[in-house]
Chemist: 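Please see the structure below; I have some questions.
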Amino acid sequence: MHVTIVARAQTDLAPPASPAPVSGRGAVSRLCWPDEAGCANSAQALARLMAPALRHGSSVLIELRGTLGAGKTTFTRHLLRALGVQGRIKSPSYAVVESYDVEGLQVWHFDFYRFADPREWEDAGFRDIFSGPGLKLVEWPDKAAGLLPAADICLDIDTDTDDRRLVNCHSETEAGCALVQAWVNHPAAQGDAPRLQEAS
Ligand SMILES: Nc1ncnc2c1ncn2[C@@H]1O[C@H](COP(=O)(O)OP(=O)(O)OP(=O)(O)O)[C@@H](O)[C@H]1O
Ligand SMILES: [Mg+2]
């Protein structure tokens with residue numbers, strides 16, 4: 001399965017409350033997370049949408065871009081927690097990859113910031129991981145340019161203020177577009193906790 005992500009927060013400077021249209025591959029939607037709680041709510045909404053397909057053996061690849069400290073790992077932590085990962089969720093900055101098994105659901109969290117040797121791609125078995133089922137989240141995907149398959153969800157997180165993040169998202173796959181569409185139209189995509197509770 002393939003995907004793309006979008007979230008928007010309600011702020012005085014944010015775009016209108018209605019979700020940006022997602023009409024197909026490459027269509028970009030702009031989201032705004034007003035604070036980390038909004039990021040968490042949006043991640044939880046996406047986790048709910050992805051979980052059934054993932055548990056039936058689908059593959060989802062999410063690429064996360066943004067400067068140091070933008071929130072790539074933070075979003076990933078909230079997403080993995082919502083999928084049921086327990087215990088410490090470490091940043092893979094040094095190990096390149098951290099993996100999790102949530103009741104049979106395989107998850108890999110990559111950080112290619114220090115990735116420099118393409119031979120590692122084969123030696124470490126990354127090719128097999130990216131061609132198989134499960135959830136793969138990738139920080140700094142451009143450091144592995146040419147090696148990664150098309151992404152279901154591409155998030156580009158921009159720091160607006162200390163707490164607010166502006167997020168551009170799109171999908172590179174047909175299957176991912178459906179997931180993005182569902183996420184954008186979810187009541188919690190804008191990080192609104194009360195509406196998330198009402199929807200559950
Ligand atoms: N709206 C928000 N969304 C996400 N993180 C936020 C938000 N507001 C504040 N933060 C904070 O920003 C920081 C983001 O750090 P994080 O490690 O997630 O960045 P990163 O993009 O993974 O950086 P790196 O490229 O170094 O791995 C955290 O301290 C988090 O608490
Ligand atoms: Mg990180």
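Keep in mind the model is a prediction, meaning the values are calculated, not measured. Hydrogens, waters and symmetry mates are skipped; everything else that's a heavy atom, side chains included, is used. Remember, it's 1-based here, ligands and their atoms both numbered in the order they're listed.
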Chemist: Considering only protein heavy atoms, which is closest to atom 14 (C) of ligand 1, and at what distance to one decimal place?
Modeler: Gly69 O, 3.3 Å
Chemist: Are any of the side-chain heavy atoms of Asp156 and Val28 separated by less than 4.5 Å?
Modeler: no
Chemist: Starting from atom 31 (O) of ligand 1, which protein heavy atom do you reach first, and at what distance in Å?
Modeler: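 Going atom by atom, the protein heavy atom closest to atom 31 (O) of ligand 1 ends up being Glu36 OE1, 2.5 Å.
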Chemist: For atom 26 (O) of ligand 1, what is the nearest protein heavy atom, given as residue, atom name and distance?
Modeler: Leu68 CD2, 3.3 Å
Chemist: Which heavy atom of Ala51 sits nearest a heavy atom of Leu83, and at what distance?
Modeler: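 Nearest pair, atom of Ala51 first, then Leu83: CB-CD2, 4.1 Å.
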Chemist: Asp35 versus ligand 1: do any nitrogen or oxygen atoms come within less than 3.5 Å of each other?
Modeler: yes
Chemist: Is the closest side-chain heavy-atom distance between Trp33 and Ile157 below 4.5 Å?
Modeler: yes
Chemist: Are the side chains of Ser93 and Arg114 in contact, using a 4.5 Å heavy-atom criterion?
Modeler: yes
Chemist: Kindly write out the residues that satisfy salt bridge (Lys or Arg N to Asp or Glu O under 4.0 Å) with Glu120, not counting sequence neighbours, or none if the list is empty.
Modeler: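 Checked Glu120 against salt bridge (Lys or Arg N to Asp or Glu O under 4.0 Å); zero matches.
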Chemist: Parallel, tilted or perpendicular, judged at 30° and 60°: which one describes the rings of Phe115 and Phe126?
Modeler: tilted
Chemist: With a 4.0 Å cut-off on N to O distance, would you call Arg165 and Asp160 a salt bridge?
Modeler: no
Chemist: With a sphere of 6.0 Å drawn around OH of Tyr100, does it hold more than 12 non-hydrogen atoms of other residues, nucleotides or ligands?
Modeler: yes
Chemist: Show me which atoms of ligand 1 lie under 4.0 Å from any heavy atom of Lys72.
Modeler: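 Listed by number with element, the hits are 18 (O), 19 (O), 20 (P), 21 (O), 22 (O), 23 (O), 24 (P), 25 (O).
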Chemist: Determine the minimum heavy-atom distance between Ile89 and Arg77, stating which atoms define it.
Modeler: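 So the two residues come closest at O-NE, 2.8 Å.
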Chemist: Establish whether atom 29 (O) of ligand 1 and some protein heavy atom are separated by less than 4.0 angstrom.
Modeler: no
Chemist: Starting from atom 8 (N) of ligand 1, locate the nearest protein heavy atom and write down its residue, its atom name and how far away it is, to 0.1 Å.
Modeler: Asp163 O, 3.1 Å
Chemist: In ligand 1, which numbered atoms sit nearer than 4.0 Å to a non-hydrogen atom of Asp162?
Modeler: 8 (N), 9 (C)
Chemist: Give yes or no for whether the N/O distance cutoff of 3.5 Å, strictly under, is met between Cys39 and ligand 1.
Modeler: no
Chemist: For atom 27 (O) of ligand 1, which of the options Arg164, Glu139, Arg165 provides the nearest non-hydrogen atom?
Modeler: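 Looking at heavy atoms only, Glu139 sits closest to atom 27 (O) of ligand 1.
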Chemist: Out of all atoms in ligand 1, which are within 4.0 Å of some heavy atom of Trp140? Include the element for each.
Modeler: 25 (O)
Chemist: Nearest protein heavy atom to atom 17 (O) of ligand 1, by residue and atom, and its distance?
Modeler: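 Residue, atom and distance for the closest contact: Thr73 CB, 3.8 Å.
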Chemist: When you measure from the centre of the six-membered ring of Phe110, is the NZ or CZ of Lys136 under 6.0 Å away and within 45° of the axis?
Modeler: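 No, a cation-pi geometry is absent between Lys136 and Phe110.
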Chemist: Given 3.5 Å as the limit, does a donor-acceptor pair link the side chain of His186 with the main chain of Ala182, or not?
Modeler: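 Pair absent, no side-chain N/O of His186 close to backbone of Ala182.
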Chemist: I'd like to know whether the aromatic ring centres of Phe112 and Trp140 sit less than 6.0 Å apart in this structure.
Modeler: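 They do not qualify: ring centres at least 6.0 Å apart.
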Chemist: Please report the closest heavy-atom contact between Trp121 and Leu147, naming both atoms and the distance.
Modeler: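 Taking every non-hydrogen atom into account, CZ2-O, 3.4 Å.
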Chemist: Relative to the heavy atoms of Trp33, which atoms of ligand 1 are at a distance of less than 4.0 Å?
Modeler: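 Listed by number with element, the hits are 1 (N).
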Chemist: Could you tell me, atom by atom, which parts of ligand 1 come under 4.0 Å of a heavy atom of Thr67?
Modeler: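 Ligand 1 atoms under the 4.0 Å threshold to Thr67: 21 (O).
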Chemist: Excluding waters, which protein N, O or S atoms are within less than 2.8 Å of the Mg ion (ligand 2)?
Modeler: Thr73 OG1, Glu139 OE1
Chemist: Name the closest protein heavy atom to atom 15 (O) of ligand 1, giving the residue it belongs to and the distance to 0.1 Å.
Modeler: Thr74 OG1, 3.7 Å
